[in-house]
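What follows is a single structure, written as structure tokens, with notes after it.
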Amino acid sequence: MTYSHVSVLSKEALEYWVQDQEGVYIDATVGGGGHSLQLLSQYPHVCLIAFDQDPVAIDAAKERLGAFSNRITWIRANFRDMDQKIDPSLHGHIAGIFFDLGVSSPQFDDSSRGFTYQADATLDMRMDPSNPLTAFRLVNMRSKEEITHALREWGEERWARRIADFIVKAREREPIRTTGQLVELIKAAIPASARRTGGHPARRTFQALRIWVNDELGALNQGLEASQHLIAPKGRVVVISFHSLEDRIVKHVFRQWAQEQKGHIVTKHPLTPSDEEVLENPRSRSAKMRVFEHF
Ligand SMILES: C[S@@+](CC[C@H](N)C(=O)[O-])C[C@H]1O[C@@H](n2cnc3c(N)ncnc32)[C@H](O)[C@@H]1O
């Protein structure tokens, strides 16, 4: 399978991310390497430290960015630990840190990874295949209360309790092994009248499970915290998020940093893709970019 991911807000991201044309930059989520390709090709004197927790993404990005390999350091790890993974001599010297959150198109489209409700696959949803926690374990082993809480908090699913009820009853008969089985349960749990609005009935449950499996919000909080130890004076932290739970965290953390006099918020309002970009790449439609510049 070719690894093809269309980068979101790519021109805008580069413009805000790069202030020092000879700096060392971090791409916390290199994915298919699209944003980094632009960085390295437009700025011949910058260096890059590229993170991703998915080895498939790292391999794909290595291939795509092969021409620039002498300026790249690769780190396959969760960005939540980025300060521990980076040589202490670079702490306080990183010119800009970029986060493009969530899953990439290839992760989503490779149905065997279990991220999508559009195809039948094992319930997995791990971005990092060495993570012992899978969607299968959560769905089959966690209590009804925990599942309800997760669907409500991270899926903003109003039918959370009913879906959790259906899951727990079904798994008493046999384990729920596939995304297809789960989709059927969700459809059965949500009343027909409510299913007619709000998109695919499984969308919110799948979002919640994905966030839970990958501890996406915990990682975001910790990654932003870790970025503070690395960033240089005048360095920028740029974050593209794809749902309101992530955006709320970024907004809150940047506000707190501003109150603590660590720098200023560059984007008073988040930047969003143009109508043209959304038409060309519908997956960009929920993107929001926020930027903070340190003193
Ligand atoms: C939206 S894609 C990035 C796409 C990339 N900017 C491009 O232009 O091709 C997000 C990537 O971030 C990775 N990722 C998500 N959360 C992560 C985390 N906490 N630590 C490391 N990588 C993460 C995913 O594995 C995925 O490859």
Side-chain angles (χ1 to χ4, degrees), residues 1-5 31 53-57 78 101-219 242-246 282-283 285-286:
M1 191 189 65
T2 55
Y3 202 101
S4 138
H5 176 90
Q53 60 179 332
D54 181 354
V56 179
N78 197 305
L101 300 172
V103 290
S104 66
S105 305
Q107 287 169 334
F108 203 74
D109 294 339
D110 177 354
S111 55
S112 70
R113 301 193 66 166
F115 284 108
T116 173
Y117 43 79
Q118 313 276 16
D120 200 15
T122 50
L123 273 172
D124 190 320
M125 302 197 192
R126 291 171 300 172
M127 290 189 220
D128 171 0
S130 66
N131 171 7
L133 198 68
T134 61
F136 174 84
R137 288 182 69 147
L138 295 177
V139 164
N140 287 286
M141 292 172 195
R142 294 304 175 91
S143 68
K144 183 155 73 182
E145 287 65 37
E146 283 174 293
I147 295 172
T148 306
H149 172 81
L151 300 194
R152 208 170 266 153
E153 283 290 306
W154 302 318
E156 299 176 291
E157 172 58 73
R158 59 183 284 239
W159 301 100
R161 177 160 290 281
R162 254 179 84 82
I163 295 170
D165 242 349
F166 274 59
I167 287 175
V168 169
K169 287 213 179 78
R171 76 188 192 192
E172 280 166 10
R173 294 189 294 275
E174 55 167 346
I176 302 160
R177 294 189 190 283
T178 68
T179 51
Q181 281 172 284
L182 183 61
V183 168
E184 287 314 310
L185 282 170
I186 296 165
K187 283 186 180 159
I190 302 180
S193 54
R195 258 188 278 132
R196 278 192 277 277
T197 53
H200 194 289
R203 189 178 60 80
R204 287 176 295 277
T205 298
F206 273 59
Q207 173 179 305
L209 287 174
R210 202 196 87 193
I211 291 175
W212 196 4
V213 166
N214 297 289
D215 186 23
E216 289 179 36
L217 304 181
F242 289 86
H243 54 75
S244 55
L245 301 167
E246 287 171 343
R283 282 181 185 173
R285 77 185 161 269
S286 48

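Starting from 1, each residue takes its place in the sequence as its number.
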Measure the shortest side-chain to side-chain distance between Leu185 and Ile163 over non-hydrogen atoms and say whether it is less than 4.5 angstrom. no
Do the side chain of Arg126 and the main chain of Pro129 share a donor and acceptor less than 3.5 angstrom apart? yes
What's the separation between atom NE2 in His5 and atom OG in Ser105, rounded to the nearest 0.5 Å? 5.0 Å
If you define the side chain from C-beta out and look only at heavy atoms, does anything of Leu245 sit under 4.5 Å from Gln207? yes
Whether Asn214 side chain and Arg210 backbone form a donor-acceptor pair below 3.5 Å: yes
Under a 4.0 Å N-O cut-off, is there an ion pair linking Arg113 with Asp54? yes
Can you tell if the side chain of Glu145 reaches within under 4.5 Å of the side chain of Thr148, non-hydrogen atoms only? no
Gap separating the CZ atom of Arg204 from the CD1 atom of Ile190, nearest 0.5 angstrom: 6.0 Å
What's the separation between atom CG in Leu182 and atom CG in Asn140, rounded to the nearest 0.5 Å? 9.5 Å
Donor-acceptor pair, side chain of Arg195 and main chain of Lys187, under 3.5 angstrom: yes
Interatomic distance, CH2@Trp212 vs CE@Met125, rounded to 0.5 Å, equals 11.5 Å
Counting C-beta onward and ignoring hydrogens, is there a side-chain heavy-atom pair between Val183 and Phe206 closer than 4.5 Å? yes
Who passes side-chain hydrogen bond (donor to acceptor under 3.5 Å, both in side chains) against Ser130, sequence neighbours left out? Asp128
Output, in order, the C-alpha distance, side-chain angles, deciding distance and verdict of side chain to side chain donor-acceptor pair (under 3.5 Å) for Thr178 and Gln181. CA-CA 5 Å; Thr178 68; Gln181 281 172 284; 3.3 Å; yes
Any idea which heavy atoms bring Gly155 and Ala208 closest together, and the distance? N-CB, 3.6 Å
Look at the side chain of Arg285 and the backbone N and O of Pro282, then say whether any donor-acceptor pair between them is shorter than 3.5 Å. yes
Heavy atoms only: give me the nearest Ser244-Glu156 pair and the separation to one decimal. OG-OE1, 3.5 Å
Answer yes or no: is there a side-chain heavy-atom contact under 4.5 Å between Asn131 and Val213? yes
Under a 3.5 Å distance rule, please check whether Glu153 uses its side chain to pair with a backbone N or O of Ala150 as donor and acceptor. no
Distance (rounded to the nearest 0.5 Å) between Asp124 CG and Thr179 OG1: 10.5 Å
Looking only at heavy atoms, the pair that brings Ala202 and Ile186 closest together is CB-CD1, 3.8 Å
Evaluate side chain to side chain contact (heavy atoms under 4.5 Å, CB included) for Leu138 paired with Thr134, printing each intermediate quantity in order. CA-CA 7 Å; Leu138 295 177; Thr134 61; over 6 Å; no
Looking at Arg152 and Glu157, is there a salt bridge between them, counting it only when a charged N and a carboxylate O are closer than 4.0 Å? no
For Ile167 and Val139, work out which heavy atoms get closest and say how close. CG2-O, 3.5 Å
Scanning both residues in full, the closest heavy-atom pair of Asn78 with Ala219 reads OD1-CB, 3.8 Å
What one should report as the nearest heavy-atom pair of Ile176 and Ala170 is CD1-CB, 4.3 Å
Measuring from atom CD1 of Ile147 to atom NZ of Lys144, what distance do you get when rounded to the nearest 0.5 angstrom? 10.0 Å
Just wondering, do Thr122 and Arg177 contact through their side chains at under 4.5 Å, heavy atoms? no
Answer yes or no: is there a side-chain heavy-atom contact under 4.5 Å between Pro191 and Trp159? yes
Are Phe108 and Phe115 an aromatic pair, judged by ring center distance below 6.0 Å? no
